[in-house]
2 protein chains.
Amino acid sequence: MTGRPVNHQRRAELLDAAVDYATEHGFADLSWRPVARALGVSTTTLVHHFGTKEQMLEAILGRLRERAFAATSAAVGDQPDLAALAAAARAVWTRASDPRQGAEFRLFFAVYGQALQSPGQFAEFLDRVVADWMRALIDAQKTDRTTATRTATLVIATIRGLLLDLLATGDDDRVQDAAAAFLATLEER
Amino acid sequence: MTGRPVNHQRRAELLDAAVDYATEHGFADLSWRPVARALGVSTTTLVHHFGTKEQMLEAILGRLRERAFAATSAAVGDQPDLAALAAAARAVWTRASDPRQGAEFRLFFAVYGQALQSPGQFAEFLDRVVADWMRALIDAQKTDRTTATRTATLVIATIRGLLLDLLATGDDDRVQDAAAAFLATLEER
DNA sequence: TTGTCGCTAGTACGATCGTTCTAGGAATGG
DNA sequence: CCATTCCTAGAACGATCGTACTAGCGACAA
């Protein structure tokens with residue numbers, strides 16, 4: 001009577017594959033058919049699992065933010081107490097500036113930019129893109145909330161700004177030098 | 001014999017109007033027809049002046065970068081010698097964080113993100129998006145080239161990172177507080 | 001076994017896309 | 001005036017878009 005049960009794992013597989021596709025082929029002009037071809041399924045299959053294209057995009061960027069944050073937040077949490085923020089920032093930067101992460105962060109900033117121009121559609125992304133890291137970086141500090149917030153804001157902004165520079169210019173020497181200087185000032189607190 | 005002369009001003013008018021349109025309606029899925037409707041011309045007119053859509057996009061982002069840089073570089077140049085960099089950075093930040101500039105910088109970051117995923121098409125944008133400011137900020141300093149480059153890189157990255165935060169969260173108090181702290185450290189050099 | 005429902009695919013529809021073709025007024029140099 | 005060239009518009013092309021509809025297959029509960 002109840003019929004065949006829903007296979008949630010199947011949707012997760014397709015979503016991960018879709019994120020990989022977006023990482024390689026860009027996010028701006030994603031459409032059902034090319035994604036379906038790359039994944040070896042029909043467009044109908046994607047529609048069935050994601051509903052509308054808009055919903056698939058939301059799912060993709062949700063998964064993307066999840067990936068990006070999970071991979072770095074692990075490094076944030078496992079730090080000794082003293083100078084925890086500086087160590088966390090260094091760990092995040094080391095991982096983020098790894099060339100192997102380039103494609104994923106290019107996609108991240110592409111989504112970020114698009115979200116800024118469609119705040120309605122990407123509301124959750126915009127809400128959490130800063131807040132998730134803020135929470136983690138504030139927890140890593142022992143100072144009062146005001147200065148902790150101020151420092152966390154600066155750390156997030158500087159790392160992202162440097163990453164934008166690195167991805168745009170590929171000038172590793174210059175950007176790494178600036179990053180090292182910033183991280184050094186962070187440890188002098 | 002020579003016929004009617006080319007009207008370059010007409011193209012500039014259309015380009016400025018197209019940038020305005022992109023500022024309001026987004027950059028990701030721009031197409032001839034909606035732009036033409038908004039500008040009160042036919043799509044053929046746009047094709048005539050810009051060639052292909054790709055060329056129009058390049059023209060738009062070139063003009064956009066020109067606008068964004070010109071408006072702020074003026075503030076950079078007209079500073080007294082002492083603490084020129086700090087004053088320049090403060091001027092740039094004051095203008096960039098003005099809510100009235102929000103739409104333009106949203107477009108700027110949307111283009112930036114798209115360019116990161118299509119480096120071939122937007123090569124010139126990526127080349128100049130950092131280099132233009134770098135040159136101006138290095139010239140504003142009297143220290144050796146190495147530290148001047150390092151500082152300029154950090155100033156650009158931090159300002160852009162803070163701007164990303166401000167545009168995403170709208171949390172003016174927190175971001176302005178962090179910006180003030182950063183600019184203060186800049187003046188202590 | 002049988003009825004139910006998830007999963008997949010194929011097809012088709014209307015809309016919109018970028019671009020080309022055709023052609024008529026406007027403005028300029030000879 | 002005339003020839004030439006720019007500017008603009010309208011129509012049409014094939015391609016691709018998102019999505020709905022139909023239907024067959026497979027897995028599960030009763």
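Naming convention: chains lettered A, B, ... in sequence-line order (proteins, then strands); numbering from 1 in each chain.
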Participant: Once you build an axis from the first five pairs and another from the last five of the helix from dT1(C)-dA30(D) to dG24(C)-dC7(D), how far apart in angle are they, to 10 degrees?
Facilitator: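 Taking the rotation axis at each end, their angle is 10°.
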Participant: Please give me every residue in residues 5-17 of chain B whose heavy atoms get under 4.0 Å of an atom in DNA chain D, ordered by residue number.
Facilitator: Pro5(B), Val6(B), Asn7(B), Arg10(B)
Participant: Please report, rounded to the nearest Å, how far the P atom of dC17(C) is from the CG atom of Leu57(B).
Facilitator: 13 Å
Participant: Using OP1 and OP2 only, check whether a side-chain N or O of Thr45(B) sits under 4.0 Å from dC7(D).
Facilitator: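 For dC7(D), OP1/OP2 do not have a side-chain N/O of Thr45(B) under 4.0 Å.
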Participant: Given the structure, check if the side chain of Arg4(A) and the base of dC28(D) hold any donor-acceptor pair shorter than 3.5 Å.
Facilitator: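 Between dC28(D) and Arg4(A), which were checked side chain against base, a qualifying N/O pair under 3.5 Å is absent.
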Participant: Could you list the residues that satisfy side chain to side chain donor-acceptor pair (under 3.5 Å) with Glu54(A), not counting sequence neighbours?
Facilitator: none
Participant: Can you run down the salt bridge (Lys or Arg N to Asp or Glu O under 4.0 Å) pairs that involve residues 86-95 of chain B, sequence neighbours left out, and say none if there aren't any?
Facilitator: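 Qualifying pairs: Arg90(B)-Glu187(B).
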Participant: State which residues pass side-chain contact (heavy atoms from CB on, under 4.5 Å) with Ala115(A); sequence neighbours excluded, sorted by chain then number.
Facilitator: Phe122(A), Phe125(A), Leu126(A)
Participant: Which residues satisfy the side-chain contact (heavy atoms from CB on, under 4.5 Å) test with Arg10(B), sequence neighbours excluded?
Facilitator: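 Applying side-chain contact (heavy atoms from CB on, under 4.5 Å) to Arg10(B) gives Asn7(B), Glu13(B), Leu14(B), Val41(B), His49(B).
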Participant: Ignoring hydrogens and angles, write down the donor-acceptor pairs under 3.5 Å from the side chains of residues 161-169 of chain B, residues two or more places apart or on other chains.
Facilitator:
from	atom 1	to	atom 2	distance (Å)
Asp165(B)	OD1	Thr169(B)	OG1	3.0
Asp165(B)	OD1	Arg174(B)	NH2	2.9
Asp165(B)	OD2	Arg174(B)	NH1	2.8
Thr169(B)	OG1	Asp165(B)	O	2.9
Thr169(B)	OG1	Asp171(B)	N	3.1
Thr169(B)	OG1	Arg174(B)	NH2	3.3

Participant: List for me each residue that meets side chain to side chain donor-acceptor pair (under 3.5 Å) alongside Arg63(A), sequence neighbours excluded, and say none if there are none.
Facilitator: Asp16(A), Glu66(A)
Participant: So, is Thr2(B) near the phosphate of dG29(C), with a side-chain N or O under 4.0 Å from OP1 or OP2?
Facilitator: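 It does not, given that no N or O in the side chain of Thr2(B) lies less than 4.0 Å from OP1 or OP2 of dG29(C).
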Participant: Who are the side chain to side chain donor-acceptor pair (under 3.5 Å) partners of Thr44(B), not counting sequence neighbours?
Facilitator: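 For Thr44(B), no residue satisfies side chain to side chain donor-acceptor pair (under 3.5 Å) once neighbours in sequence are set aside.
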Participant: Which residue pairs satisfy the salt bridge (Lys or Arg N to Asp or Glu O under 4.0 Å) criterion with at least one member in residues 99-127 of chain A, sequence neighbours excluded?
Facilitator: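 Checked against salt bridge (Lys or Arg N to Asp or Glu O under 4.0 Å) - neighbours excluded - the pairs reaching residues 99-127 of chain A are Arg65(A)-Glu124(A), Arg67(A)-Glu104(A), Asp98(A)-Arg100(A), Glu124(A)-Arg128(A).
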Participant: Does His48(A) place a side-chain N or O at less than 4.0 Å from the phosphate oxygens OP1/OP2 of dA9(C)?
Facilitator: no
Participant: Apply ring pair (Phe, Tyr, Trp, His ring centres under 6.0 Å) to His25(B) and list each qualifying residue two or more places apart in sequence or on a separate chain.
Facilitator: Tyr21(B)
Participant: Please give, in whole Å, the distance from dG6(C) P to His49(A) NE2?
Facilitator: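 Taking NE2 of His49(A) and P of dG6(C), I get 11 Å after rounding.
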Participant: At under 4.0 Å between heavy atoms, which parts of nucleotides 14-21 of chain D does protein reach? Answer with one letter per nucleotide, 5' to 3': B base, S sugar-phosphate only, - none.
Facilitator: ---BBB-B
Participant: Given 3.5 Å as the limit, does a donor-acceptor pair link the side chain of Gln117(A) with the main chain of Gly113(A), or not?
Facilitator: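 No.
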Participant: What I'd like to find out is whether the side chain of Asp177(B) reaches to under 4.5 Å of the side chain of Asp173(B), using heavy atoms alone.
Facilitator: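 They are not in side-chain contact.
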